[in-house]
Amino acid sequence: MKTNYIDELNEEQRAAVLYNEGPSLVIAGAGSGKTRVLTYKIAYLLDNGYQPWNILALTFTNKAAREMKERIARQVGEERARRLWMGTFHSLFLRILHAEASLLGFTSHFTIYDTSDSKNLIRSIIKEMKLDEKVYRPGTVQARISNAKNHLVSPAAYATHREAYECDCAMGVPAVRDIYSRYWNRCRQADAMDFDDLLFYTFLLFRDHSDVLARYQAQFRYILVDEYQDTNFAQHSIVLQLAKEHRHVCVVGDDAQSIYSFRGADIDNILYFNKIYPEARLFKLERNYRSTQTIVCAANSLIEKNARQIRKEVFSEKECGEPIGVFQAYSDVEEGDIVVKKIRELHRDESCPYSDFAILYRTNAQSRIFEEALRKQGMPYRIYGGLSFYQRKEVKDAIAYFRMAVNPHDEEAFKRIINYPARGIGDTTVGKLIVAATEHHVSLWTVLGNPLAYGLNFNKGTVGKLQAFRELMTGFIADAFTRNAYELGVDIIRLSGMMNEIGQDSSPENLSRKENVEELVNGMNDFCQQRLEEGNNSWLLADFLSEVSLLTDQDSENDADGEKITLMTVHSAKGLEFMNVFVVGMEENLFPSGMVGDSPRALEEERRLFYVAITRAKKHCYLTYAKSRYRYGKMEFGCPSRFLNDIDSRYLALPRDAALRRKIDEHAGQVRLDTNRKTSLFSSSSQGNNRRSADVSSVPHRLKPLASSGKTSVSATSSAGIRLQKGQFIEHERFGRGEILNVEGDGDNSKATIRFENVGVKQLLLRFARFKIVEK
DNA sequence: ATATCAACCCTTTTT
DNA sequence: GGGTTGATAT
């Protein structure tokens, strides 16, 4: 399987792979084979004295990590690839934090609060402090706190941070520092960390425990970071902590694709990498293997308009290609029709499969129009983003039970389920519990254990109801660290009364809720099953939760069921490529977003976002805009985006309408380049970090059809007893067809190495694997 | 303690 | 346009 992979690289790529003596920065233009360099570099390191666990490879998404692991497995084998420390910052540091939690005053099974948990907690703190919710918007406050954490500013530091305080005062929210401090303590009380804490506490762990730091420094002898342009200060600092001694660090990224500053990402990390690591070698990958020359040139001419960047000359040696088509529509609906018509044309005339098409937009709200247009024509599509599976009410409810079984001190889970299903425990009672808990600095669960001891004298009825809830949960808690996630999960859903609640009537909404809960349960079954097969016995509820809490929509099994047109935001398209790309909604106030105001930095980020959009296209790229569209229920008239003007018109096929061309030109003067002013940490405008709420009912059910309840127990239907031989072919229930490469051990412990056609090489414990032997 | 209805904000992007 | 919140009534 091992090929002489070094020969497959071009000169620059090879140089980047082979240089491992000190820090290096690989600037990888769009489509320049970045992933290839990373995978080959890791394979090379493994071939040259590094053990898999010596390598820390940080990626932006779980999906990217998974795919890269698979590619590396093909070079060095599944077994070794699996032992790599490869994953997102959040998931790998979570692993470290689990192991070292006690040093930080947490248990090893602390909860992870998601964004909405954080916001709810902040909301209740604001209420408790009797502040005006209109002034102190939970979303805004959360963004401030998140920003502070991403800059490693603790509550204590924040309280004395003059600049931050002045900024808060200027925004009319001087109490943010008090909210922050309370929030911090409440999370600790609940044995919970939010997303940002996973980074912040990792930093603190390394800062305050030099022995621990030394241990991980010694282990991670080589550190690689993908998508470095999207790292924040905390991430940057942790990498620095780990790499400080050996300085074997390689960061890969493209400053032109830095698009996550709203989340704290700091493009300066990549722009000034050589200030931190003065001896760093710089490699530039400038040959684009993805797109036509026209697309590459158009993208270059666009990004040239940005001042803050590392200069590079991306070029393509593919065919010249067609100019980028620009279409105008009179309304958003017509825009949908135009795009759909064009897709049908290409599908018919050039026999492009539907999976070759992507419609990219700035905001999720735009998806609806295209969805409707496609549905009308009966064309297959898949929408990414929107309300994710794990954010649906019924799924969150179930997960809240799971969370509390694992960590009874979890305040947000407690509040969610104490009266769901209805048990007659109302807001007043819960309010009293919260006040008592906060006063005594203990968790809600602790107060529940003995309300009287905390000065709560409930009437008899209430005491009984609280008691019943406590006993229900005590049962789950007792099982949480012995029974497997699936079996316990099923019991919890049944015994908690959730299933009855949902199963009440068969209204369509309830039906869909039921399906979602069943889907969750099936997912837990798969999870346990997979762990068993791989001989990994981390199949507790706690293990399931820590895996699930860092998953996003993008990570869900992409069971490429057939060819479908892809609809997604430009952000989520990062790292992907399509034969044909439509970038829609090219209008002022939409793309660039109206939020940029007069900030040159923000405008440059929007321009980079547009750059990302265009460079997803391999062959055809189209830009569309509408003269009018519905927004907030009102008709609005817009004008073409100034970005249309940033692209050299040689590469565009503009609409013929002269008046429209003039309209585009009018905006030419508006582009102002950055003045190199560095925005301060705390003065950037806050982003109301409201979780968007898409219309669930309109999102087609993208989840796998329910496996009917045939699976009752995790270990019930394995294929034990079947004798396997090298060279045979099998059909695995989940992984599909594969060839047996090797079989070791015998009886209960026999283990097979199998190369699957779709998912690569895997090792499975035959005792648990579910498959059948098939003909070649 | 729940159900219903009217204001109300809102739409940037997500690990 | 639509989903969430807050005030009412039962």
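Chain naming here is simple, since letters A, B, ... match the order of the sequence lines and numbering starts at 1 in each. Everything numeric in this text was worked out from a predicted model, so none of it was measured.
We find that OH of A:Tyr630 is positioned 18 Å from C1' of B:dC10, with the value rounded to whole Å. In this structure, A:Asp427 places its CG atom 7 Å from P of B:dA1, rounding to the nearest Å. Atom CZ of A:Arg601 is separated from atom P of B:dT13 by 22 Å (rounded to the nearest Å). Atom P of nucleotide C:dT4 and atom CG of A:Asn120 are separated by 12 Å, given to the nearest angstrom. In this entry the distance linking CG of A:Leu590 with C1' of B:dT13 reads 12 Å, nearest Å. Nucleotide B:dA1 holds its P atom 10 Å from the CD1 atom of A:Ile425, rounded to whole Å. Atom pair A:Asp230:CG and B:dT13:C1' shows a separation of 11 Å (rounding to whole Å applied). Here B:dT14 presents its P atom at 15 Å from CD of A:Glu227, a figure rounded to the nearest Å.
Using a 4.0 Å heavy-atom criterion, one finds that A:Phe60 contacts the sugar-phosphate atoms exclusively. At the heavy-atom level, A:Asn419 lies under 4.0 Å from the strands shown only through sugar-phosphate atoms.
For A:Ser91 and B:dT15, the shortest distance from a side-chain N or O to OP1 or OP2 is not below 4.0 Å. One finds no side-chain N or O of A:Thr115 lying less than 4.0 angstrom from the OP1 or OP2 phosphate oxygen of B:dT14. Between B:dC10 and A:Arg137, a contact under 4.0 Å exists linking OP1 or OP2 to a side-chain N or O. Distances shorter than 4.0 Å separate none of the side-chain N or O atoms of A:Asn150 from OP1 or OP2 on B:dT15. Note on A:Asn364: a side-chain N or O is less than 4.0 Å away from OP1 or OP2 of B:dT13.
Take A:Ser91 and apply the side chain to side chain donor-acceptor pair (under 3.5 Å) test, not counting sequence neighbours, and it matches A:Thr88. Considering only residues two or more places apart in sequence or on other chains, A:Asp397 meets the side chain to side chain donor-acceptor pair (under 3.5 Å) condition with A:Lys393, A:Arg416.
Cation-pi geometry between A:Arg607 and A:Phe610 is not met at under 6.0 angstrom from the ring centre and within 45 degrees of the axis. Judged by a 6.0 Å distance limit and a 45° cone about the ring axis, A:Lys574 is positioned over the six-membered ring of A:Phe60.
Distances were taken from every side-chain heavy atom of A:Thr363 (C-beta onward) to each of B:dT13, B:dT15, C:dT5; the shortest belongs to B:dT13. Residue A:Glu133 has its side chain nearest to C:dG6 when only B:dT13, B:dT15, C:dG6 are considered. Which of B:dT15, B:dC9, B:dT14 sits closest to the side chain of A:Lys134 comes down to B:dC9. Considering only side-chain atoms of A:His571, the nucleotide from B:dT2, B:dT15, B:dT13 that sits closest is B:dT13. Counting only heavy atoms from C-beta on, A:Thr61 has its side chain closest to B:dT15 among B:dT14, B:dT15, C:dT5. The A:Arg123 side chain lies nearest to C:dT5 when the options are B:dT15, C:dT5, B:dT2. For A:Tyr632, counting side-chain heavy atoms from C-beta on, the closest listed nucleotide (C:dG6, B:dT15, B:dC10) is B:dC10. Nearest nucleotide to the A:Thr428 side chain, out of B:dC10, B:dA1, B:dT14: B:dA1.
Both A:Thr429 and A:Asp196 sit near DNA chain B, but only A:Thr429 has its closest nucleotide nearer the 5' end. Of the residues near DNA chain B, A:Ala422 and A:Glu605, the one whose nearest nucleotide (by heavy atom distance) lies more toward the 5' end is A:Ala422.
The aromatic rings of A:Tyr260 and A:Phe262 sit tilted relative to each other, their planes meeting at an angle between 30° and 60°. Between A:Phe469 and A:Phe414, the ring-plane angle classifies as perpendicular under the 30° and 60° cut-offs. Ring planes of A:Trp85 and A:Phe220: perpendicular class, angle over 60° (limits at 30 and 60°).
With centres under 5.5 Å and a plane angle under 30°, the ring of A:Phe262 is stacked against the base of B:dT13.
Atom NZ of residue A:Lys465 and atom CG of residue A:Asn459 lie 7.5 Å apart, to the nearest 0.5 angstrom.
Among the duplex regions that DNA chain B forms, those built from at least three successive Watson-Crick or G-U pairs under 3.5 Å are B:1-9 with C:2-10, ordered by first number.
One P atom belongs to C:dG6, the other to B:dT11, and the distance between them is 16 Å to the nearest Å.
With respect to A:Arg308 and A:Asp255, no salt bridge is recorded, no charged nitrogen being found less than 4.0 Å from a carboxylate O.
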